Amino acid sequence: MKQRKNIIKIAIDSPAAAGAGTLGKSISKHYNLLYLDTGKIYRMIAYIKINKKKKYNKKFIKKKIKNLNLKKLQNKNLLSDKIGTEASLLAKNKNIRKLVHSFQINFAYNPPKKFNGSCLDGRDITYKIIPDADFKFFITANLKTRTLRRYNELKKLNKKITYNEVLKSIKRRDKSDFNRRISPLKKTKDSILINTSNLSKRACFLKIKKIIDRKLNN
Ligand code: C5P
């Protein structure tokens, strides 16, 4: 695999709806990094499993991943709670993870020349996908805050769902993501913990920016 030298690599892990996506995007824009929300790939596979049952097999998924681009991952259909739940079940499968890994690694280590580097967020980014990242963050927030954020997001998309349903779903997903045997969500020792519960988007951004600038300007 080709690897670009002297690029900035940022790895973020976080539980569902902790604000990692918003932060990842704003940080990437500021430092001109290629950004990937890796959960979207698992969601895309879940979407195929639910909506294109007959086509769902290893060969088809492999082809889909090979032809994947960021635009395809912006599909709003991937955002539903049902897809998120299915994605978290699929993400326990070793073979599925293998298919997704090479795409993520290529994305992280070989971004197009116009970018200064890459920023990926997910569940196993800090220790499996970019173990040598220049910056590692574990972004979290309390359950109530995360539920409210996801609930508001889904309401904006006109999804029919109650607060309690979202709460239940996030709890189930946390249990599955933290406790699974393969690539569980965890905070590595070398990751910086950012709790976004009581911070605005701007405050989170500035907190991370300060950490990055300190190291870059040294
Ligand atoms: O981040 P998002 O909520 O979109 O992720 C959906 C599911 O995909 C997660 O609950 C998790 O089980 C799985 N996932 C993963 N590894 C990643 C990203 C997401 O297992 N790097």
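Along the sequence shown, the residues carry numbers beginning at 1. Computed from a prediction, not measured in an experiment: that's the story for all the values here. Order of appearance sets the numbers: ligands from 1, and atoms from 1 within every ligand.
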Task: Whether F178 and F138 hold their rings parallel, tilted or perpendicular, with breakpoints at 30° and 60° - done: tilted

Task: Heavy-atom nearest neighbour in the protein, as seen from atom 3 (O) of ligand 1, with distance rounded to 0.1 Å - done: R173 NH1, 2.9 Å

- [ ] Counting heavy atoms only, name the option from T38, D121, V100 that's nearest to atom 18 (C) of ligand 1.
- [x] T38

TODO: For residues D37 and Y35, report the shortest heavy-atom separation together with the two atoms involved.
DONE: CB-OH, 3.4 Å

Task: Over all atoms of both residues, closest heavy-atom pair of S176 and K92 - done: OG-CE, 3.0 Å

Task: Atoms of ligand 1 close to R123 [distance to a heavy atom under 4.0 angstrom, numbered from 1] - done: 1 (O), 2 (P), 3 (O), 5 (O), 9 (C), 10 (O), 11 (C), 14 (N), 15 (C), 16 (N), 17 (C), 18 (C), 19 (C), 20 (O), 21 (N)

Task: ligand 1 N/O within reach of D37 N/O, cut-off under 3.5 Å - done: no

- [ ] Give the residue, atom name and distance (to 0.1 Å) of the protein heavy atom nearest atom 8 (O) of ligand 1.
- [x] Y42 CB, 3.6 Å

Open item on the list: I'd like the name of whichever of I45, N93, D177 reaches closest to atom 11 (C) of ligand 1 through any heavy atom.
Closed with: D177

Open item on the list: Given F107, which partner from the list I130, I129, L70, T38 fulfils the side chain to side chain contact (heavy atoms under 4.5 Å, CB included) test?
Closed with: L70

Open item on the list: Looking only at protein heavy atoms, which one is nearest to atom 16 (N) of ligand 1, and what is the separation?
Closed with: R97 NH2, 3.0 Å

TODO: Report the nearest protein non-hydrogen atom to atom 13 (C) of ligand 1: residue, atom name, distance rounded to 0.1 Å.
DONE: A91 CB, 3.6 Å

TODO: May I ask you to check whether over 12 heavy atoms, not counting those of K63, lie within 6.0 Å of atom NZ?
DONE: no

- [ ] Taking the side chain as every heavy atom from C-beta outward, state whether R97 and S183 have any pair of such atoms under 4.5 Å apart.
- [x] yes

Open item on the list: When you compare ligand 1 with R43, is there at least one nitrogen or oxygen pair between them that comes in under 3.5 angstrom?
Closed with: yes

- [ ] Check each of S88, G39, G122, P184 against atom 5 (O) of ligand 1 and report the one with the nearest heavy atom.
- [x] G39

- [ ] Test T196 against R149 for side-chain hydrogen bond (donor to acceptor under 3.5 Å, both in side chains), laying out the working first.
- [x] CA-CA 11 Å; T196 70; R149 283 181 189 159; 2.9 Å; yes

TODO: Would you check if the side chain of K175 reaches a backbone N or O of N179 as a donor-acceptor pair within less than 3.5 Å?
DONE: no

TODO: State if R180 counts as touching ligand 1 under the rule of any non-hydrogen atom under 4.0 Å.
DONE: yes

